[in-house]
Amino acid sequence: MKCTKCGGKAVISVLQHHLGLCKEHYLEWVPGQVARAIQKYRMFAKTDRILAAVSGGKDSLSLWDILHRLGYQVDGLYICLGIDGGVNYSNESQRLSQQFAAQHGLTLHVVDIPQVYGESIPQIASRTFRGRGAPCSVCGLAKRHEMNRLARDLGYDVLVTGHNLDDEAAVLFSNTLRWAGGFLARQGPVLEADQPGLARKAKPLCRMYERDMTAYALLRGIEYIYDECPYALGATSIYYKELLNKLESDQPGAKLNFYLSFLQAKEGGLFAPQADPDRAQMHPCPSCGQSTTAEGLCSFCRMMGGES
Ligand code: AMP
Ligand code: FES
Ligand code: ZN
Ligand code: ZN
């Protein structure tokens with residue numbers, strides 16, 4: 001196959017866009033696509049200070065690389081969760097994030113959960129109701145809380161995460177199976193800081209296939225952690241991703257259409273924010289100041305205070 005742009009030897013075919021691209025044009029095409037999404041969804045401007053949440057994985061490190069190349073002011077945030085899992089998952093992902101920052105002369109903030117709170121994520125999970133089964137829900141809650149806290153305390157204009165199209169389509173699929181109106185109303189490329197204490201959030205890779213981000217990281221020579229979190233095994237989100245990939249292999253572009261037509265329907269008024277009555281009752285947590293729908297303390301502070 002030949003490169004659609006220069007006629008040279010293509011190293012990748014981007015089926016959903018009917019493109020074949022050589023290495024050079026692929027490494028140009030991906031940042032171009034990301035730049036278009038940033039503009040289309042009005043994510044942020046060149047004058048904004050951006051905080052990229054990096055996990056040491058291919059998506060978030062590639063995102064950091066792309067935003068830096070596009071000329072944005074972007075620092076990184078790594079949250080050490082204290083997860084072991086054979087290869088010492090947390091240590092290795094922190095090392096790779098720090099290595100990337102050093103190689104590119106970028107600033108990385110590190111929050112060490114066991115150091116700050118005295119317990120690792122698996123330890124918190126083992127003593128709370130929320131963590132019974134797997135620590136993923138404890139982990140998600142802690143990550144969201146810490147990302148928000150750091151973005152707000154350090155005065156960043158926007159927090160970006162490396163969620164890709166496969167992540168977003170799987171969440172959309174799960175929300176749609178339950179017709180979860182509130183979640184559907186809030187899902188999108190940008191989450192506005194519409195409540196006190198909440199940071200503005202954006203997902204610049206929301207239209208990029210996971211496969212394409214893997215190819216970007218490999219061709220760009222970014223060293224990232226290949227292992228999934230040891231607790232992710234058997235997660236429902238992985239099952240949904242597999243289902244969507246089956247659909248995609250029969251109908252190239254199906255995942256992208258599913259997500260984009262959802263965004264269009266939302267723009268047309270479906271899942272209007274009124275569908276989310278919980279949000280109207282949000283108030284600042286008396287301990288940390290982040291907005292919460294829970295009565296009294298937010299779920300994170302309650303969890304850290306020993307309640308379940
Ligand atoms: P995940 O929830 O693991 O699929 O990750 C989704 C996104 O959250 C990643 O692309 C990162 O932007 C961010 N993220 C995940 N884990 C961490 C972490 N330990 N530290 C900072 N950001 C993270
Ligand atoms: Fe949080 Fe796996 S439990 S990354
Ligand atoms: Zn080319
Ligand atoms: Zn709180």
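We're numbering straight along the sequence, starting at 1. Ligands are counted one by one from 1 in listed order, and the atoms in each one are counted from 1 as well.
- Draw a line from the Zn ion (ligand 4) to SG of Cys298 and another to SG of Cys285, and the angle between them is 110° (to 10°).
- The nearest heavy-atom contact from the protein to atom 1 (Fe) of ligand 2 is Cys139 SG, 2.1 Å.
- Under the 6.0 Å distance and 45° angle rule, Arg95 does not count as a cation-pi partner of Phe100.
- Geometry at the Zn ion (ligand 3): SG/Cys22 and SG/Cys6 form an angle of 110°, nearest 10 degrees.
- In this model, no donor atom of one side chain and acceptor atom of the other lie less than 3.5 Å apart for Asp59 and Tyr224.
- In this structure, atom 2 (Fe) of ligand 2 lies nearest to the protein heavy atom Cys229 SG, 2.1 Å.
- Within the coordination shell of atom 1 (Fe) of ligand 2, defined by N, O or S atoms under 2.8 Å, Cys136 is absent.
- Crowding of Arg42 atom CZ: a count of heavy atoms from other residues, nucleotides or ligands under 6.0 Å not exceeding 12.
- Note: angle at the Zn ion (ligand 3), from ND1 of His25 to SG of Cys3, is 110° (rounded to 10 degrees).
- By the 4.0 Å N-to-carboxylate-O rule, Asp167 lies close enough to Lys241 to be salt-bridged with it.
- By the neighbour-count criterion of 12 heavy atoms within 6.0 Å, atom NZ of Lys266 is densely surrounded, having more than that number from other residues, nucleotides or ligands.
- Residues Asn245 and Lys255 bring a donor and an acceptor atom of their side chains to less than 3.5 Å of each other.
- Look at His145 and the Zn ion (ligand 4): no N/O/S atom of the residue is under 2.8 Å from the metal.
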